[in-house]
Asker: 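Could you have a look at this structure, given as structure tokens, before my questions?
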Amino acid sequence: MKKKYDGIEDIEMHYLDEPEKHLGSISVPIYQTSLFSRKTGNLGYQYTRINNPTIEVPEKKIAKMEKGDGALLFSSGMAAITAALMHLVNQHSHIVYVTDVYMPTEYFISTYLKEKFGVTSTCFHANDYEAFEAAVTEKTDIIYLETCVSNIFSIPDVERICNFAKKRGIKVIIDNTYATPIFFNPLELGADVVIHSCSKYIGGHSDIIGGVLISDHDTVEAIRHGERGLYGACIDPHQAWLVLRSLRTLDIRMERHMQNGITIARYLEQSPYIEKVIYPALESHPQHEYAESIFRGYPALFCFVPAGGEEKAKLLFSHCEYPEKGPSWGGFETIMNSPGFSIDPIRREKTGILPGQIRISIGLEDTDRLIEDFEQAFNKTYR
Ligand SMILES: *Cc1c(COP(=O)(O)O)cnc(C)c1O
């Protein structure tokens, strides 16, 4: 695994604190204001849809963590994704994207942009580089990746794809929500735009919806006044302040998530009631070596397939009492979801999601509590 990010704590905790600018306040205040007075002279702020000190501090911290020139916060991850795509797309575009990308993103690329503007697209399995090259056409001008596709856990070869794209003038957008800036920085490998949903690990407390986009200076400034300014999906100061609050602990939360994730994944992998665990952190994952070569750590999101088929999986799922049940992930709480239950056969065929496959996001709790709960659920399901 790659070495821990040097100096990350300084960026999280103290970078741009500047209490002298805020009456000595240790925590950057919430500038709950829509506009800034011109009578005070030009201090760099005008209107909160464009910029605001409470929004700017977490933006600059995230930009530094991702090794980009600048960042923009949005009201949601989808707002950041659609802003990035609308900035780069034109009516003749062809977009190449990874199979089983986040579902609303898939809908936006394959249906919304197609029906509204005639934009075409082709998807490829993230781990299949040959399929990627085969998907690119003369018209391709955008490649849309995810660091690790969250139900099937396949990882694109970001560096190779970006090298290929650069030679052809194709722009690469990557959704790095999975890894967070703590574990992976795609701009270093040649990506043009990185986006995150702050509703997952960056927020981390299951209490905010937010998004962020990181890129070079010109792209960020163009989107600030273009897609963010025009569509208006800006973040509000209070929400931005919650992102800032969360950033201070992102690195230690990710460390704990990783320890807990690996503990539970290994426990499940040795259980006779579990057929398969799908997690890049484990040696059993087909891309484990590649993951080790690019990541500084692993988030605690993975899938497992209970033994005995889909009916047993449904029973086990219902007998698990301690974890939350629901679709999101990346919060303090362990939460389970069931992408492999009653799945549409076409999607199953296309993605390779297995019958009975369960997805789990391991939280920050004591893993003994989770293991005890799995034990009682195994007892009820299999004995
Ligand atoms: C949740 C999620 C999003 C969307 O983020 P919102 O903040 O819910 O709009 C985008 N990409 C990935 C990978 C996600 O998990």
Side-chain angles (χ1 to χ4, degrees), residues 55 58-59 62 66 71-86 95 97-110 112 123 126 143-156 158 172-184 186 191 193-214 227-228 231-236 238-240 242-243 246-247 250 254 257 261 278 280 295 298-303 324 326-333 335-339 351 353 359-363:
I55 298 173
E59 284 176 341
I62 294 173
E66 273 291 14
L72 296 167
L73 280 164
F74 288 81
S75 56
S76 71
M78 280 313 297
I81 290 167
T82 53
L85 281 164
M86 290 306 284
I95 304 176
Y97 66 100
V98 287
T99 300
D100 209 39
V101 74
Y102 185 64
M103 228 185 257
T105 306
E106 156 122 55
Y107 182 83
F108 188 74
I109 293 173
S110 70
Y112 186 93
C123 61
I143 293 162
Y144 189 95
L145 306 175
E146 279 181 6
T147 301
C148 180
V149 184
S150 83
N151 288 311
I152 51 185
F153 297 92
S154 66
I155 308 166
V158 178
V172 179
I173 305 172
I174 179 164
D175 179 337
N176 193 32
T177 305
Y178 170 83
T180 79
I182 303 296
F183 290 154
F184 186 49
V193 181
V194 171
I195 74 95
H196 292 272
S197 167
C198 299
S199 322
K200 311 293 163 56
Y201 286 121
I202 289 182
H205 295 66
S206 301
D207 54 8
I208 52 168
I209 298 287
V212 67
L213 171 159
I214 308 98
E227 290 70 23
R228 192 179 73 173
Y231 306 150
C234 53
I235 198 164
D236 80 74
H238 182 245
Q239 204 173 341
L242 286 168
V243 171
S246 293
L247 285 176
L250 183 58
M254 293 315 294
H257 276 296
I278 309 163
F295 293 148
Y298 298 93
L301 181 72
F302 60 87
C303 276
E324 275 303 328
S328 193
W329 50 276
F332 64 90
E333 78 291 4
I335 186 163
M336 293 166 85
N337 185 22
S338 51
T351 59
I353 294 175
R359 190 178 75 180
I360 191 162
S361 167
I362 307 295

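We count ligands from 1, going down the list as the structure has it; atoms in each ligand are counted the same way.
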Asker: Check whether any side-chain N or O of T99 sits under 3.5 Å from a backbone N or O of T351 as a donor-acceptor pair, and report yes or no.
Answerer: no
Asker: State if Y178 counts as touching ligand 1 under the rule of any non-hydrogen atom under 4.0 Å.
Answerer: no
Asker: For atom 15 (O) of ligand 1, grab the closest protein heavy atom and report residue, atom and distance to one decimal in Å.
Answerer: K200 NZ, 2.5 Å
Asker: According to side chain to side chain donor-acceptor pair (under 3.5 Å), who are the partners of Y97, at least two apart in sequence or on a separate chain?
Answerer: E106
Asker: Suppose we screen for salt bridge (Lys or Arg N to Asp or Glu O under 4.0 Å). Which residues come up paired with E146, at least two apart in sequence or across chains?
Answerer: none
Asker: Please state which protein non-hydrogen atom is closest to atom 6 (P) of ligand 1 and give its distance, to 0.1 Å?
Answerer: G77 N, 3.4 Å
Asker: Can you list the atoms of ligand 1 that are under 4.0 Å from a heavy atom of G210?
Answerer: 7 (O)
Asker: Run the contact test for T105 against ligand 1 with a 4.0 Å cut-off on heavy atoms, strictly below, and give the result.
Answerer: no
Asker: Can you tell me if C198 contacts ligand 1 (heavy atom of the residue under 4.0 Å from the ligand)?
Answerer: no
Asker: In terms of residue, atom name and distance, what is the protein heavy atom nearest to atom 9 (O) of ligand 1?
Answerer: M78 N, 2.8 Å
Asker: With atoms numbered from 1 as shown, which atoms in ligand 1 lie under 4.0 angstrom from a non-hydrogen atom of I81?
Answerer: 10 (C)
Asker: Looking at R228 and A79, would you say the former's side chain and the latter's main chain have a donor-acceptor pair under 3.5 Å?
Answerer: no
Asker: First locate atom CD1 of I278, then atom CG of N151, and finally report the distance between them rounded to the nearest 0.5 Å.
Answerer: 9.5 Å
Asker: Can you tell me how the ring of F295 sits relative to the ring of Y298, calling it parallel under 30°, perpendicular over 60° and tilted otherwise?
Answerer: perpendicular
Asker: Quick one: does any side-chain atom of S76 pair with a main-chain N or O of G210 as donor and acceptor, under 3.5 Å?
Answerer: no
Asker: Starting from atom 7 (O) of ligand 1, what is the nearest protein heavy atom, named by residue and atom, and what distance separates them?
Answerer: S199 OG, 2.6 Å
Asker: Considering only protein heavy atoms, which is closest to atom 3 (C) of ligand 1, and at what distance to one decimal place?
Answerer: Y102 CE2, 3.3 Å
Asker: Among protein heavy atoms, which lies nearest atom 5 (O) of ligand 1, and at what distance?
Answerer: S197 OG, 3.0 Å
Asker: Which of these, Y102, Y201, F302, sits in a ring-ring contact (aromatic ring centres under 6.0 Å, His included) with W329?
Answerer: Y201
Asker: Starting from atom 13 (C) of ligand 1, find the nearest protein heavy-atom neighbour and note its residue, name and distance.
Answerer: D175 OD2, 3.3 Å
Asker: State the atoms of ligand 1, each with its element, that fall below the 4.0 Å cut-off from a heavy-atom position in W329.
Answerer: 15 (O)
